[in-house]
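Quick notes on the structure that follows.
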Amino acid sequence: MATRRHGDDPLARTRERMPVVESLRAEFAETEPLSGLMVGVASHLEPKTGVYLEAVRDAGARVLFTASNHESTHADVVDHLAAQSGLEPFVEAEMDQTELDAARRDLLAREPELLLTDGAQLLALAYASDVPTDQLRGVAEQTTSGVHRIEAMADDGTLTVPALAVNHTPVKHRFDNVHGTGESALANLMVTTNRVTAGSTIVVAGYGYVGRGIARKARALGAETLVTEVEPRAALRAHMDGHDVVPMAEAAPRGDVFITATGSCRVLTPDHYRAMADRALVCNAGHRAVELGVDKLRELAVATEAVGEGITRFELPDGDHVDLFADGELANLAGPYAQGHPAAVMDTTFGALLLAARSLVETDRTPGVYELPDELDREVAERKLAAHGVDIDERTSLQSAYENAWRRERLLANHEE
Ligand code: NAI
């Protein structure tokens, strides 16, 4: 039997799993809501992002794209996009952080009118450097930490445009953060390091959307799960969900694997590293390597060794070792076999970003941070359900009236249906 090539499109297999983006792309190619606009996009440059960037371009925009992380760029995807009209790369796979920063400045110097960001670094750079920002009309941000950063810009009066907090929309964080990151971070870590989840003690720092996804999936696979938190309601939720909630000082000597999902910094300290069992594995699924306090781990260590499969082994003064995964960069996006979130999950996130971009153009807003309008969030979910062939019920007129009435008995008595 002959094996056929799957077309000449390297994104073809990914595209199959992104029906929401594909349906919006077809619609936007007709209506061109971003017609004539220069749009700057920063994202992890892998196949799913490629499908999304093509959709932004097909909406009528000229797309200037760069990476949100220098570790996660796929060269073949950049090459595939760069060969097309309307898509201009400001990134190369081999760039280090300094070179990537310079490329981002070059992108901003082209004066994009819309920014679609991941982590808000591009927006922060625009305001922190001397590139023009007067032409900016809006920004849509897809991550938790990025939205927090933009809120900080709004609070100190720096933000001059409306920002749509796409991360905060239900169709994003309830799926992408919980299932996308939760599943892909755990799967990539365990497959790459050839570890088994069942029977391991896994410490998850932070019980937000991401941490919840990781902890729930780890336990479902047979791990003992310890959760650390700084927020009492999140901690209570973890406790009621059946995880063992403890301070990190208590978790440190007990864990086999440590995964941070806080968006914060130095969640692990030298004291924690010293308390860990020999060859404990630490990785980050949240924001940056700073969550693991990698700088402090380097200061503490007396020797380091690359032991393969994305692991750097740090020897501590007492002779014990700590294994750091993917240099502390995102566990689902960095490392030798990383594939990021499953395409089916990014489909809804990128769908929400596409609708956010259209909304920023169509709707006048004063500078500030806004939720994605509810009807757009619903639209993404409806398109996804339709793609999966899932039908749901519709509220009857009686049910709608009942939910909004206070004389409910009278309402029911007067209705036959
Ligand atoms: P979230 O705000 O829902 O949860 C963060 C949790 O961490 C909160 O409950 C907070 O109380 C807790 N926390 C903060 N500092 C802590 C500390 N020192 N020790 C223990 N817990 C602490 O945020 P979400 O949506 O869960 O995102 C978490 C991080 O993951 C963010 O940085 C976000 O940008 C990132 N993220 C990463 C993705 C990836 O692809 N790897 C995808 C989505 C989000």
Side-chain angles (χ1 to χ4, degrees), residues 42-46 48-49 67-69 71-72 117-121 141-151 165-189 203-217 226-239 241 243 245-252 255 258-269 272 283-293 325-326 328-335 338-343 345-346 348-350 352-353:
S43 200
H44 297 285
L45 288 169
E46 30 98 14
K48 289 143 264 176
T49 315
S68 57
N69 185 313
E71 297 276 346
S72 61
T117 56
D118 175 331
Q121 286 122 315
E141 166 57 41
Q142 74 179 77
T143 70
T144 313
S145 37
V147 172
H148 290 162
R149 205 164 173 185
I150 297 176
E151 283 167 346
V166 172
N167 175 74
H168 290 8
T169 207
V171 85
K172 196 277 179 181
H173 61 246
R174 288 186 196 165
F175 303 97
D176 178 312
N177 300 27
V178 179
H179 298 291
T181 315
E183 194 156 326
S184 64
L186 190 62
N188 188 40
L189 176 70
V203 180
V204 179
Y207 201 67
Y209 290 96
V210 172
R212 208 145 63 233
I214 294 168
R216 278 194 344 216
K217 285 162 199 290
L226 272 56
V227 168
T228 73
E229 253 298 342
V230 291
E231 209 286 326
R233 289 154 299 183
L236 181 59
R237 186 167 190 180
H239 173 72
D241 286 350
H243 305 289
V245 180
V246 291
M248 186 58 86
E250 201 178 306
F258 295 77
I259 308 176
T260 51
T262 68
S264 190
C265 64
R266 294 190 184 160
V267 175
L268 292 174
T269 64
H272 298 139
C283 86
N284 166 40
H287 174 43
R288 305 296 309 267
V290 71
E291 282 203 49
L292 298 173
F325 184 68
E329 295 300 338
L330 296 179
N332 55 328
L333 285 154
Q339 295 197 52
H341 290 176
V345 171
M346 288 313 290
T348 46
T349 298
F350 286 145
L353 278 161

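We count ligands from 1, going down the list as the structure has it; atoms in each ligand are counted the same way.
Under 4.0 angstrom from ligand 1, the non-hydrogen atoms of N332 all belong to its side chain. Counting heavy atoms closer than 4.0 Å to ligand 1, residue H173 contributes nothing at all. With a 4.0 Å cut-off on non-hydrogen atoms, L330 touches ligand 1 through its side chain and not its backbone. Looking at T262 against ligand 1, both its backbone and its side chain come within 4.0 Å, counting heavy atoms.
In terms of modelled atom types and a separation under 3.5 Å, the side chain of K48 and the main chain of H341 share a donor-acceptor contact. T49 places a side-chain N or O within 3.5 Å of a backbone atom of H44 that can act as its donor or acceptor partner. Checked by atom type and distance alone, the side chain of N284 pairs as donor or acceptor with a backbone atom of G328 at under 3.5 Å. Between the side chain of T348 and the main chain of V345, a donor-acceptor pair closer than 3.5 Å is present. Looking only at distances, a side-chain donor or acceptor of E141 sits under 3.5 Å from a matching main-chain atom of G119. With hydrogens and angles disregarded, a donor-acceptor distance shorter than 3.5 Å links the side chain of N188 to the backbone of A334. Side chain of T169 to main chain of K172: no donor-acceptor pair is present (N/O by atom type, distance under 3.5 Å, no hydrogens or angles).
Every atom of ligand 1 with a heavy atom of G263 under 4.0 Å away is listed here by number and element: 29 (C), 31 (C), 32 (O). Every atom of ligand 1 is numbered from 1 in the order shown, and the set under 4.0 Å from a heavy atom of T228 is 20 (C), 21 (N). Distances below 4.0 Å separate heavy atoms of A234 from the following atoms of ligand 1: 9 (O). Short contacts between ligand 1 and N177, defined as distances under 4.0 Å to a heavy atom of the residue, involve ligand atoms 25 (O), 43 (C), 44 (C). Those atoms of ligand 1 with a heavy atom of A261 less than 4.0 angstrom away are 5 (C), 7 (O), 28 (C). In summary, the atoms of ligand 1 found under 4.0 Å from a heavy atom of V210, numbered by their order in the structure, are 24 (P), 26 (O), 27 (O), 30 (O), 36 (N), 43 (C), 44 (C). Taking every non-hydrogen atom of H287 and a distance limit under 4.0 Å, the qualifying atoms of ligand 1 come out as 32 (O).
Summary of contacts: the protein heavy atom closest to atom 34 (O) of ligand 1 is S145 OG, 2.9 Å. From the protein, the heavy atom lying nearest to atom 16 (C) of ligand 1 is V230 CG2, 3.5 Å. Atom 23 (O) of ligand 1 has its closest protein heavy atom at T144 CG2, 3.4 Å. Among protein heavy atoms, atom 1 (P) of ligand 1 sits closest to G208 CA, 3.9 Å. Of all protein heavy atoms, the one closest to atom 38 (C) of ligand 1 is T181 OG1, 3.4 Å. Of the protein's heavy atoms, G286 O, 3.1 Å lies nearest to atom 35 (C) of ligand 1.
When every heavy atom of H239 is checked against every heavy atom of V245, the shortest pair comes out as N-CG2, 3.5 Å. Considering every non-hydrogen atom in both V203 and A251, the closest pair reads CG1-CB, 3.8 Å. T228 and P247 make their closest contact through CG2-C, 4.1 Å (heavy atoms, listed as atom of the first residue, atom of the second, distance).
Heavy atoms of H341 come nearer than 4.0 angstrom to ligand 1 in at least one pair. Between A285 and ligand 1 there is a heavy-atom distance shorter than 4.0 Å.
Between the choices E229, R233, R212, E329, the shortest heavy-atom distance to atom 8 (C) of ligand 1 belongs to E229.
If you look at F258 and H272, their ring centroids are not closer than 6.0 Å.
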- Item | Pair M346-D176, side-chain contact (heavy atoms from CB on, under 4.5 Å): steps then yes or no | CA-CA 7 Å; M346 288 313 290; D176 178 312; 3.5 Å; yes

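The aromatic rings of H173 and Y209 are tilted relative to each other, their planes meeting at an angle between 30° and 60°.
Taking only nitrogen or oxygen atoms, main chain and side chain alike, K172 does not reach within less than 3.5 Å of ligand 1.
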